[in-house]
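Model, not experiment: these values are computed from the prediction. Protein chains get the first letters and strands the later ones, always in sequence-line order, with residue 1 at the start of each.
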Amino acid sequence: MALRFEVLGRFNRARAAQLTLPHFVCQTPLFMPVGTQGTIKGLTTNQLEEIGCQIILGNTYHLALRPSSELIDELGGLHKFMNWPRALLTDSGGFQMVSLLHLADITEKGVTFQSPVDGKPMLLTPEESIQIQNRIGADIIMALDDVVRTTITGPRVEEAMYRTLRWIDRCIAAHKRPEEQNLFGIVQGGLDPVLRDICVRGLVDRKLPGYAIGGLSGGEDKNSFWRVVAQCTAALPDDKPRYVMGVGYPLDIVVCSALGADMYDCVYPTRTARFGTALVPEGVLKLKHKAMADDTRPIDPACMCMVCKNYTRAYIHCLVTKDAMGSQLLSYHNLYYMMKLSRDLHSSIIQERFPEFVCEFLQKMFPKGDVPEWVCNAMEVAGIDISCCCAPFSSSQD
Amino acid sequence: MSSAPDTSILTSLNIQHGTDLHEMKFAVTAWSKGRARVGVLQLANCPQPMETPALLLSTRKGLPVFISPDLLPSLPSPDSHLLQMSPLHLYVFTSLPLLLFVLIVGYIVDMSMWVLRLLFLPAHAAVKMVGCTWVPGLLAYMCVYLSLDGISSKTISNIGGLHQMLGLHEYGFAAVPRDSIVCLPECDSTNKIGASFETPSGRRLIKPVEYMEMISSMKPSLWATLADEVPAWVSAKRNKASVDRTLRWLDECITLSPNQLQGYWIGGFGLGESMDERPALLNAVADILPVERPRQICGLELPEEVLQGVAAGIDLFDSTYIYHLTLGGFALTFPLESIQRHEFDSRLSDVGSDHTKINLRATIYRKDTAPIVDNCNCYTCQNHTRAYINHLLNVHEMLAQILLEIHNTHHYLGFFRSIRTAIKEDNFEQFRQTFIDSRREHLNMTAHMHRAEGIAPLVLLGDRAFNG
C-alpha cells in the first residue's frame, strides 16, 4: 500500500477526503484529465499545475507503443519523462485494445490482438500489463480486467466478471512495486446487481489499496448507470478511494459524488474543446455558432480562468476549429472548469453545505426546473433534497 | 513623403509608408561602419523601450501560432513585445459575386418548383406557394455563414481594439496586410480596386477603405498602408503600375485616417528574388530613406537574409523562419555568444541537422535527456528534454510545436541581441561574415560528402542553395 486515504468531511454518502499518494497529496472528489500519450493535448505541465490538476491519466497501450515502457523506465519513469511533479495514474491497456483494435480477442490467457505496427498476433496478459505499468511508474496502476460493455447481456457478462477476479490474483502476483505504486481492482458485472456484488466481495477480499467501478459510460441508460454506481459505492469499503472510470460529464460527476464516489476520468472536457464546445454552468456553449460572432462577453462571466478573464466569445469564435490556439484556449478553460468543480465538491462537503451546492448546480443547469428523472431518483437515494430546483415535481406533489 | 524612386535604377521595388496611430518614438543610438545601426523604439503600450534591429513575432489572428498568451511572459522582455499581425486574418470576407450567383440560382429553382406545383395542385394550395422565397434566403444565409472567417470591425471596436481583444496590453502590434505564411500578395489579381491576397479561404481582394476600417477598429501600435506588392521579375510596366497604385492608396489611407508618417515599410522582398541581387536593391532603398526613421521589412526569413537586411540599415523584421522550423520539428542551437566554427558532425547532417539547428524527429534523440541547448533559459530547455520532444513529435502532439516555438523564438531573439551587440562593438561586418562562412562551409561539406557517396544534394528545410 502506497497511499493514505483520510475522510475529512461527509454528507450522507458523499465524502471529502485527503488522498496521499507518493508524488502528491490530493483532495477528493477529484477529476483526472486524460493525457493519453504523455501530454494533455496542447497544455504544458506548468499550465496544468496552475489550473489545479492533481492526478493525470496516461494510457498504457499508447505509451507501450510509443515511446515504449522500457524507454520510459530507462529515462527514470513517466513523471521524469514528462516532467510532471504531481500524481499519475495508468490504465491497464485492456480497454484501448478492445475498443481500438482489429480482432481483439479475449481468452483466459489475456487479450490477443493484432499489433498495429506489423499485424502480428500479440498477447497482453495481466502479468505483462502490470510489468509495463511498473516500468512507467505511475502512483496508481489498474488491474487488467475483462471489460464488457453494459449494452451486452447474457453469459458473457458473468464470464467476464469471474475472469476479472481470476486476473486480479495474477496482477497482484506480478506487481513488483507495491510500496511505490497502488494497484486498484476494477469491479465488473455489467448491469446485474448479483454479479456486481460477487465481484465487489471478491476484490475486497484481496485488500487492495483502492477500487474502481468499471464497465460503465459505454452507452447504457442513465437509470442503470446510477444504480450500479450506488450499489458499488455502498458495498465498497469506506476507508478506500472509489474511482468511477470514464465518467466526465459534470452532472454525472455531481451525482456520483453524492452517491459516495471519489475519483473520475474522461476525455470529454479536452475532446469537446477541440470541437469548439466550452463547459459552462448552464451546460455547454458552442463557440462555433454564428451567434457567438459578435458576443463580447467572456465564455463564462463567473469563471476566473485566464481565458475568461482576457477573451471574448467573439474572438474565440473566430479561432475555434481553424487555429490551434482555439483548441488550446478552450481546453484550458474546460479543464479549469472541471478542476473548479472538483474543488467545489470537496470544499462544500467539508463546509457542510453540500446539498446547497448541489441545488445551486442543478438550478444553473436546469433553470426551468426540468431536472432529469434519473438525477432526482439518484439524489433521493443519496439523501439530498433537491425539491427547490425541480419545479414540475414540487408543483405536482399534493 | 519621399518622391517615387527612379524606376530605371529600382526595377522591382516598392516603398510603402508606415504610419502609426499612437505615440511612437525612434532614435538611432549606434552606428557601424556601414549602414547597419542600432536604434531605440518606444511605443505607447510598451512599458520599456525596445532596441532595434528587432524581431517582430509572427501571429495568427493576433496571438502566436502555438505559444499561448500566458506563456508569452516567459520570453525575454522587452525583446518579445513586438508582435506582427495581418488585419486580413480577422477580416470578414463576404463574396458578393458568389452571393449573387447563389441568390439567382436559388430563385430560379424556387420559381421552377412553384410553376410545377401550380400545374399539379388545386388553386388554394397554389396561392400559398406564391411568395415562397425561403429557398434563396436559406442559400444566401448559408453563403454568408460559410464565408464568415473572422471578426467584424464593429465587434473589434466594441471590444476596444486589438490590445483589449487579445489581452496583451503591454505589447506593441504592427499591422501589415501581408503575412508571409498565410496571406501572400497575389500581384496578378491585384487591380485598381484593391490588393489581392492568397489566404487559407481562397483569393481575397481588399480595398483601401475596407483595410482602413479594420485599422481604425483595431488601433494597432504601428501599421503599414495597403500596397501593391510585386516580385522582382515583373515587367517595367507592371512595376510602374504598382508604384503608382501604392502611392495612390497611401494617399487614400492617410485621408481616411490622418496620421503622422513615422516610418517606412519596405515591400516587394521575400517573394522569390535571389539573394545575390538583393543587397544592391536594399542599399538603394535605404539610401533614399531618411536616416532617423525606422525601416521595416517582410520576407527576409533566414538568418543570412536578416543579416543582409541589417547591413542595409533595416530595423524591423518578421519571423516566418521560426514558424517553418517549428513545423518541421527543428530547434535552433547555434551559439549566441559569438559565432564559432564547429567540428563538422556528418551524422547530424544526414538528418538535416547542422550546428545551427537540430531535427528533433531524428531517432538519435530518442534517449537524449539533455535540454535542446544547455544553458538556454527558455521554458522548454528549463523543463523538458530532447527525448520528450522527440516523443511528442512522433506521436503528433501539439505540445511539441508549443515547446519548439518557445525555444526557437527565444533563440532567434538572442540572435538579434547578438547582432545589436556586434553593431555596438563596431564589429558587425566581421560577425556577419563569420556566420555566413560557417554556414557555407557546412553546406559545402555536406554536398561534397554526398557527392562522394553518390547521394543527391540534401535539401535542408528553409535553406536556399548557396552558390559555390
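Glu74(A) is linked by a salt bridge (Lys or Arg N to Asp or Glu O under 4.0 Å) to Lys367(B), counting only residues two or more places apart in sequence or in another chain.
Proximity to chain A (any heavy atom under 4.5 Å) is shown, for Ser152(B), by neither the backbone nor the side chain. The parts of Leu63(B) that come within reach of chain A are both its backbone and its side chain, each placing non-hydrogen atoms under 4.5 angstrom from that chain. With a 4.5 angstrom heavy-atom cutoff, Leu71(B) touches chain A only via side-chain atoms. For a residue to count as touching a neighbouring chain, one of its non-hydrogen atoms must lie under 4.5 Å from one of that chain's; by this rule Gln164(B) touches chain A with the backbone only. Both the backbone and the side chain of Met82(A) come within less than 4.5 Å of a heavy atom of chain B.
The contact list for residues 325-332 of chain A toward chain B, using heavy atoms and a distance under 4.5 Å, reads Met325(A), Ser327(A), Gln328(A), Leu329(A), Tyr332(A) by residue number. Residues of residues 45-57 of chain A placed with any heavy atom under 4.5 Å of a heavy atom in chain B are listed by number as Thr45(A), Asn46(A), Gln47(A), Glu50(A).
No side-chain heavy atom of Lys154(B) sits under 4.5 Å from any side-chain heavy atom of Asp294(A).
Residues Met306(A) and Pro69(B) come closest through the heavy atom pair SD-CG, 4.2 Å.
Atom CZ of Arg271(A) has 12 or fewer neighbouring heavy atoms from other residues, nucleotides or ligands inside a 6.0 Å radius.
A donor-acceptor pair under 3.5 Å is formed between the side chain of Asn83(A) and the backbone N or O of Asn383(B). Judged by distance alone, with hydrogens and angles left aside, the side-chain atoms of Tyr311(A) form no donor-acceptor pair with the main-chain N or O of Met165(B) at under 3.5 Å. No donor-acceptor pair under 3.5 Å is formed between the side chain of Arg60(B) and the backbone N or O of Ala324(A).
Comparing Asp295(A), Leu71(A), Leu43(A), Thr312(A) by heavy-atom pairs within less than 4.5 Å of chain B, the highest count is held by Leu71(A). The candidate with the highest count of non-hydrogen atom pairs below 4.5 Å against chain B, out of Asn310(A), Thr44(A), Thr296(A), is Thr44(A).
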Could you list the donor-acceptor pairs under 3.5 angstrom formed by side chains in residues 389-396 of chain B, with sequence neighbours left out?
unit_1, atom_1, unit_2, atom_2, d
Asn390(B), OD1, Asn394(B), ND2, 3.2
Asn390(B), ND2, Leu360(B), O, 2.8
Asn390(B), ND2, Arg361(B), O, 3.4
Asn390(B), ND2, Ala362(B), O, 3.0
His391(B), NE2, Gln37(A), O, 2.8
Asn394(B), ND2, Asn390(B), O, 3.2

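From Glu397(B), atom CD reaches atom CD1 of Ile40(A) across 9.5 Å, with rounding to the nearest 0.5 Å. The OH atom of Tyr388(B) sits 12.5 Å away from the CG atom of Leu75(A) when rounded to the nearest 0.5 Å. Here CD1 of Ile402(B) is found 7.5 Å from OG1 of Thr39(A). Values are rounded to the nearest 0.5 Å. Remark: Tyr315(A) OH to Thr155(B) OG1 distance equals 14.0 Å, nearest 0.5 Å.
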